[in-house]
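To start, the structure itself, in structure tokens.
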Amino acid sequence: MSRSAHPAGPRHADVLPEGHYSAPPADLNTLDPKVWAQTVTRNEDGVLTVGGITATRLAEEHGTPAYILDEADFRARARAWRTAFGHDADVFYAGKAFLSRAVVRWLHEEGLNLDVCSGGELATALSAGMPADRIAFHGNNKSKDEIRRAITEGVGRIVLDSFQEIVRVAHIAQELGKRQRVQIRITVGVEAHTHEFIATAHEDQKFGIPLAGGQAAEAVRRALQLDSLEVIGIHSHIGSQIFDMSGFEVAAHRVVGLLKDIRDEHGIELPEIDLGGGLGIAYTSDDDPREPHEIAKALTEIVTRECEAARLRTPRISVEPGRAIVGPTAFTLYEVGTIKPLDGLRTYVSVDGGMSDNIRTALYDAEYSVALVSRVSDAAPMLARVVGKHCESGDIVVKDAFLPADIAPGDLIAVPATGAYCRSMASNYNHVLRPPVVAVSDGASRVIVRRETEEDLLRLDVG
Ligand SMILES: *Cc1c(COP(=O)(O)O)cnc(C)c1O
């Protein structure tokens with residue numbers, strides 16, 4: 001790896017251009033523990049180490065780009081959620097955030113359950129030995145084959161998402177001679193993101209059955225009439241990257257209101273309530289996520305209080321964190337390829353991946369941090385934009401970030417908090433090969449999802 005300074009010498013703008021950034025940090029060499037996986041530090045040479053292995057060695061052994069996942073951190077976060085909710089609640093890891101067989105085994109060992117939302121995710125879960133009764137099956141348009149497979153395998157619950165699905169699942173269960181445990185997913189008109197929530201959101205979305213206009217109550221009425229369904233509860237999922245608990249408070253109030261109406265109309269108290277996932281993580285130093293035990297305490301108190309007020313037995317609670325478990329545990333390791341200083345604007349730093357391994361910036365305007373990890377640098381901070389190698393100008397990984405001004409081709413940089421919704425949303429755009437996921441633990445690294453090869457690509461091309 002070359003460590004020479006960029007020949008043109010990146011320049012600084014006197015006035016920084018517009019963007020989502022705060023002032024340059026005092027010290028670019030400090031790795032904020034909030035955004036990096038638990039075991040990340042810099043060693044005496046200033047190289048990032050994770051799980052006891054240096055970033056430079058990981059790049060040599062596994063190539064770049066690569067997702068590097070801290071197994072101890074993953075297990076610790078899974079365990080923290082499990083412990084926080086205790087035995088009166090269930091934690092379902094949302095597999096869509098990132099799923100692989102190793103992850104399934106870790107979850108199983110740590111006592112968590114698993115959400116899947118496609119036949120592929122179900123197959124992955126089952127092939128790694130997750131007991132079917134600990135799997136919940138989600139989705140707004142599950143195919144008949146997926147439903148049949150889920151019921152045949154004996155999944156613990158299917159989350160029903162529409163009137164048609166109530167009948168479809170009931171019919172297939174009946175054909176198979178089974179009684180399927182189901183929850184009904186409702187939309188309560190609450191939409192939550194980061195620091196805000198809207199309590200009067202339009203139920204204008206594809207998921208769930210609106211509480212408004214009595215639709216959710218009607219869905220429960222119909223499901224209760226079908227012998228092949230066992231209605232165990234109501235499901236609500238209100239958003240993503242949420243820091244503020246008040247959205248959950250309003251949602252729980254409305255879900256419990258429905259449970260009360262069901263009791264009054266049908267004389268039954270549904271035993272479970274699922275409050276979904278969506279708990280936020282730190283992508284940058286500005287984010288302040290809550291700890292699982294605080295979240296568990298807040299959610300349990302809200303549900304208990306609402307049920308006491310409605311004179312209902314407190315149902316068993318389940319939650320479905322995805323991002324909050326896997327997100328912080330991984331970073332993407334890239335090698336810098338070209339550097340383009342644009343006078344008065346910023347310096348474009350191109351890496352060997354991009355929107356194919358992290359679509360979130362292009363898709364959601366997501367914010368990320370970045371650090372030089374193959375060495376330390378005393379150079380001044382330089383406003384940079386980390387971009388990929390794709391034929392698309394929106395191919396941005398980190399929109400606004402400071403990197404040392406002596407950043408050079410061959411340097412390794414890493415983007416933290418890419419464990420969730422990066423590999424799982426990865427694409428082959430431009431026939432770029434999807435990076436591996438490398439788990440590190442106790443000084444050893446192990447590929448848990450291998451790098452795609454040209455052979456893999458060409459195998460699908462059968463023309
Ligand atoms: C996406 C999703 C989750 C997980 O969301 P995170 O933001 O990753 O916690 C949980 N439940 C449902 C129903 C979802 O669709």
Side-chain angles (χ1 to χ4, degrees), residues 74 77-78 80-82 84-85 89-99 103 107 112-118 121-122 125 134-142 150 155-162 165 182-188 190-197 203 205-209 233-245 247-248 251-252 255 272-283 287 289-292 295-296 298-299 317-330 358-360 363-364 366-367 417-425:
F74 185 99
R77 286 176 199 275
W81 277 88
R82 185 75 210 90
F85 280 89
D90 296 302
V91 181
F92 286 78
Y93 168 79
K96 69 179 195 224
F98 172 63
L99 198 66
V103 161
L107 292 165
L112 276 73
N113 304 329
L114 179 62
D115 271 359
V116 299
C117 61
S118 72
E121 288 183 1
L122 178 61
R134 284 171 50 187
I135 299 175
F137 195 20
H138 279 271
N140 66 304
N141 189 19
K142 309 166 190 78
V155 300
R157 63 177 66 159
I158 294 180
V159 182
L160 301 175
D161 198 89
S162 64
E165 202 172 70
V182 297
Q183 287 188 339
I184 296 176
R185 178 163 175 181
I186 67 166
T187 46
V188 293
V190 173
E191 200 189 307
H193 300 284
T194 315
H195 300 294
E196 297 157 355
F197 77 100
E203 284 145 328
Q205 58 151 315
K206 70 170 188 167
F207 292 112
I209 300 173
I234 300 297
H235 182 285
S236 150
H237 172 75
I238 56 171
S240 62
Q241 185 61 3
I242 305 168
F243 293 140
D244 185 329
M245 300 304 284
F248 286 103
V255 171
E272 295 194 19
I273 156 172
D274 190 315
L275 294 172
L279 288 315
I281 63 164
Y283 284 104
D287 295 329
R290 303 234 184 159
E291 294 291 328
I295 294 162
L299 291 181
I317 299 173
S318 43
V319 288
E320 307 175 314
R323 185 193 321 267
I325 293 177
V326 72
T329 67
N358 188 348
I359 191 65
R360 293 190 65 258
L363 195 58
Y364 308 122
E367 287 178 37
T418 57
Y421 305 108
C422 288
R423 181 58 181 79
S424 67
M425 287 185 159

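Owing to the predicted nature of the structure, the values given are computational and were not obtained by experimental measurement. Remember, it's 1-based here, ligands and their atoms both numbered in the order they're listed. For this chain, numbers begin at 1 and follow the sequence in order.
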- With sequence neighbours left out, write down each residue that passes ring pair (Phe, Tyr, Trp, His ring centres under 6.0 Å) with F137, or none if nothing qualifies.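 Ring pair (Phe, Tyr, Trp, His ring centres under 6.0 Å) list for F137, sorted by chain: empty.
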In ligand 1, which numbered atoms sit nearer than 4.0 Å to a non-hydrogen atom of [X]?
X    : result
H138 : 13 (C)
G322 : 6 (P), 8 (O), 9 (O)
G277 : 9 (O), 10 (C), 11 (N)
R185 : 13 (C)

- May I ask you to decide if the ring planes of H237 and H235 are parallel, tilted or perpendicular, using 30° and 60° as cut-offs?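 It falls in the tilted class, 30° to 60°.
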- Only one of D90, D274, N113 forms a side-chain hydrogen bond (donor to acceptor under 3.5 Å, both in side chains) with S318, so which one is it?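 Of all the options given, the one that passes is D274.
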Geometry only, no angles: is [X] polar-contacting ligand 1 at N/O separations under 3.5 Å?
X    : result
E320 : yes
H235 : no
K96  : yes
A97  : no

- Message: Could you identify the single nearest non-hydrogen protein atom to atom 8 (O) of ligand 1 and state the distance to 0.1 Å?
- Response: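 Protein heavy atom at minimum distance: Y421 OH, 2.5 Å.
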- Between R323 and ligand 1, find which residue part has any heavy-atom pair under 4.0 Å and reply side chain, backbone, both or neither.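 Contact part for R323 vs ligand 1: both backbone and side chain.
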- May I ask whether P321 has any heavy atom positioned less than 4.0 angstrom from an atom of ligand 1?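 Yes, P321 has heavy atoms under 4.0 Å from ligand 1.
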- Shortest heavy-atom approach to atom 9 (O) of ligand 1 - which of G276, G280, G278: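 Answer by nearest heavy atom: G278.
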- Just wondering, do E367 and D287 contact through their side chains at under 4.5 Å, heavy atoms?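 When only atoms from C-beta onward are counted, E367 and D287 do not touch, as no gap falls below 4.5 Å.
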- Item | Heavy-atom check, side chain of F92 versus side chain of R134, under 4.5 Å |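 No, every pair of side-chain atoms sits at 4.5 Å or beyond.
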- Query: Got a salt bridge between K142 and E165, using NZ or NE/NH1/NH2 to carboxylate O under 4.0 Å?
  - Reply: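 So K142 pairs with E165 through a salt bridge.
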- Quick one: list whatever passes salt bridge (Lys or Arg N to Asp or Glu O under 4.0 Å) with E320, sequence neighbours left out.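 Applying salt bridge (Lys or Arg N to Asp or Glu O under 4.0 Å) to E320 gives none.
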- Task: Please check if any side-chain donor atom of R77 sits under 3.5 Å from a side-chain acceptor atom of Y93, or the reverse.
- Result: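 Y93 and R77 do not have a side-chain donor-acceptor pair below 3.5 Å.
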